[in-house]
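Beneath this line is the structure, given in structure tokens, with notes to follow.
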Amino acid sequence: MTVQTPTRHDLSLDDLHGSLTDPAMSAMNLLNEISMRYPAAISFAAGRPAEDFFDVADVHEYLGVFHDHLRTARGLTEQEARRLLLQYGRTKGIIHDLVREHLRIDEDIHVPAESIVVTVGCQEAMFLALRALATSPQDVLLAVSPTYVGLTGAALLTGLPVWPVRGGDEGLDLADLRAQIGRARSRGLRPRALYLVPDSANPTGASLPPRLRQEVLDLASEEDFLLLEDNPYGFFGGGEPLPTLKAMDTERRVVYLGSFAKTALPGARIGYVVADQRISDGSLLADRLAMIKSMTTVNTSPIAQAVIGGALLKHGCSLRSANLRQAALYRRNLRLVLDGLAERFPPGCGVTWTTPPGGFFLVVTVPFPVDDELLEHSASHHGVIWTPMSHFCPDGGGERQLRLSLSQVTPETVGQGLDRLADLIGERLHQASPAACSG
């Protein structure tokens, strides 16, 4: 038997990709690890959809509905249908036509089916778009800050530097966007695209007003850059739904990133990208993204696509109407969290928070530093988990803020969780000044 000689190390960290030492790459794992170490803690951390409406039986039903669709609407033989579901599949996906109908019905987005690439979650869609746009060391990605950590991680993996733009009170500071474009170009850099979540953004919960949406589109045309619109929370806002940037897009400036994780089943891991931009050789940007996908994930699971396809078919390709119960649950949770914060933190005590119209998230600002060490203490000593906002600010910032996710709380856990958060905040405020409010 061969015995391996012990060594100090098998690989040097310096010989691995530089992104693997960036804090942004460990942000998601950190929350998962803390949640597993403290299972009794009440979590306001994960942005997962509520599980109240999950049913394994739905998976079988949706698969059957899509299988019937292949035999009837598409006219496939049983052998052809079986091959489509169980073999390696088309790189662009097998439900692109249903996704197109869903976008037309629910979002008033009109694009050809061939401009859609069905991906392994929206994270892959994001990666494909960034990989295609990162062509030289001079390319940079503009991103509204604070921004989704998955975007930061994808940019690190593609070598595309993230150039932050202030969010401001309306979700995007247009004057700062202009200024950052100018600063980047003065340094010989080329802004390729702006990443933004116009509806109930992660992590701030902010939504861009219609006027600002048009102004962003106009600026993209004027300054010649693309918009990467990420829209996982658009169905869960308050009031009348706002038009997506893609629905307002008349010049094909918007690459639209979509997901069925929040609106159907997260376990299916199905997302998509709409890339209808024309390339100089006559092809679509979607065709080029599919080329990258063919060398990464090859294709998205046809079985998983079939489950989502069946869900679309069952609901007439309208997931907005299919998510009315979920949207009502999230609005209830938001109201409970906002009311609970107001009860525990009176005006003038140094604790404030945002009041988003809908979505999954809000941000609490406190008069003391918020970091991973405090998060660990919060979970271990107070039994409540949240997310430090600094994780969403790769350029710095958010040091005195925390994000609360309300998607998985219940009326029973909201009160307990906020009591525990108030105890933590009161503890820190008392340490700073015994006369400060204790919550």
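Since we're looking at a predicted model, the values are computed, not measured.
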Is the backbone N or O of [Y] less than 3.5 Å from a side-chain atom of [X], with the two atoms forming a donor-acceptor pair by type?
X    : Y    : value
D139 : S136 : yes
R420 : V384 : no
Q180 : W163 : no
S405 : A46  : yes
Q408 : P49  : yes
S318 : H315 : no
S407 : G47  : no
S145 : C393 : no
S43  : A45  : yes

Does any non-hydrogen side-chain atom of [Y] lie less than 4.5 Å from one of [X]?
X    : Y    : result
F235 : D106 : yes
R185 : P191 : yes
W386 : L374 : yes
I94  : V118 : no
L313 : L98  : yes
P198 : R213 : yes
L63  : H67  : no
F236 : S200 : no

- Message: Applying salt bridge (charged side-chain N to carboxylate O under 4.0 Å, His left out) to E215 and R178, what does each step give before you reach the verdict?
- Response: CA-CA 11 Å; E215 289 174 346; R178 286 184 178 274; over 6 Å; no

- Verdict with supporting geometry, V409 and L404, side-chain contact (heavy atoms from CB on, under 4.5 Å): CA-CA 10 Å; V409 296; L404 297 183; over 6 Å; no

Nearest-0.5 Å distance that lies between atom [atom1] in [X] and atom [atom2] in [Y]:
X    : Y    : atom1 : atom2 : answer
R131 : I292 : CZ    : CD1   : 7.0 Å
I303 : F66  : CD1   : CZ    : 11.5 Å
I109 : D276 : CD1   : CG    : 9.5 Å
L157 : L130 : CG    : CG    : 9.5 Å
D395 : S390 : CG    : OG    : 11.5 Å
D15  : S12  : CG    : OG    : 4.5 Å

- Message: Given M389, which partner from the list V363, T365, V364, V370 fulfils the side chain to side chain contact (heavy atoms under 4.5 Å, CB included) test?
- Response: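 So, applying the side chain to side chain contact (heavy atoms under 4.5 Å, CB included) to M389 and each of V363, T365, V364, V370, only V363 qualifies.
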
Only pairs at least two apart or in different chains count here, so list each salt bridge (Lys or Arg N to Asp or Glu O under 4.0 Å) that has a residue in [range].
range            : value
residues 41-63   : E61-K314
residues 320-340 : E107-R320
residues 77-91   : R71-E78, R90-E114
residues 396-407 : none

Nearest heavy atoms of [X] and [Y], plus distance in Å:
X    : Y    : value
K293 : V117 : CD-CG1, 3.9 Å
D173 : V165 : O-CG1, 4.1 Å
V144 : G167 : CG1-CA, 3.8 Å
A379 : I385 : CB-CG1, 3.9 Å
A247 : D108 : CB-O, 3.8 Å
L245 : L217 : O-CD1, 3.9 Å

- Query: Are F361 and Y233 close enough, and set up right, to give a ring pair (Phe, Tyr, Trp, His ring centres under 6.0 Å), and what steps lead you there?
  - Reply: CA-CA 10 Å; F361 310 107; Y233 309 106; 5.5 Å; yes

- Message: With side chain to side chain donor-acceptor pair (under 3.5 Å) as the rule and sequence neighbours excluded, what pairs involving residues 257-270 come up?
- Response: none

- Between the side chains of S207 and D199, is a donor N or O closer than 3.5 angstrom to an acceptor N or O? no

- Query: Just checking, is any N or O donor in the side chain of T135 or R190 under 3.5 Å from an acceptor N or O on the other one?
  - Reply: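 On atom types as modelled, these side chains qualify, holding a pair under 3.5 Å.
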
- Lys/Arg-Asp/Glu bridge criterion (N-O < 4.0 Å) met for D97, R100: no

- Message: Taking the basic N atoms (NZ, or NE/NH1/NH2) and the acidic carboxylate oxygens, is any pair closer than 4.0 Å for R253 and D224?
- Response: yes

Acceptor/donor pairs from residues 281-290 side chains to any protein atom, 3.5 angstrom cut, sequence neighbours excluded:
{"residue": "D281", "atom": "OD1", "partner": "S283", "partner atom": "N", "Å": "3.0"}
{"residue": "D281", "atom": "OD1", "partner": "S283", "partner atom": "OG", "Å": "2.6"}
{"residue": "D281", "atom": "OD2", "partner": "R288", "partner atom": "NH2", "Å": "2.2"}
{"residue": "D287", "atom": "OD1", "partner": "K92", "partner atom": "NZ", "Å": "2.6"}
{"residue": "D287", "atom": "OD2", "partner": "L284", "partner atom": "N", "Å": "2.9"}

- Name the orientation class of the two ring planes belonging to H102 and F260 (parallel below 30°, tilted from 30 to 60°, perpendicular beyond 60°). tilted

- Under the ring pair (Phe, Tyr, Trp, His ring centres under 6.0 Å) test, which residues partner H391, sequence neighbours left out? none

side-chain hydrogen bond (donor to acceptor under 3.5 Å, both in side chains) involving [X] - partner list, sequence neighbours excluded:
X    : result
H381 : H377
Y148 : Q123
S221 : E251
T413 : T410

- Query: Considering residues at least two apart in sequence or located in another chain, which fulfil the salt bridge (Lys or Arg N to Asp or Glu O under 4.0 Å) criterion with D230?
  - Reply: none

- Query: Is there a side-chain contact (heavy atoms from CB on, under 4.5 Å) between L406 and F44 once you walk through the steps?
  - Reply: CA-CA 6 Å; L406 52 89; F44 289 97; 5.8 Å; no

- Carefully, step by step, assess F53 and L329 under the rule side-chain contact (heavy atoms from CB on, under 4.5 Å). CA-CA 11 Å; F53 310 108; L329 183 149; 4.1 Å; yes

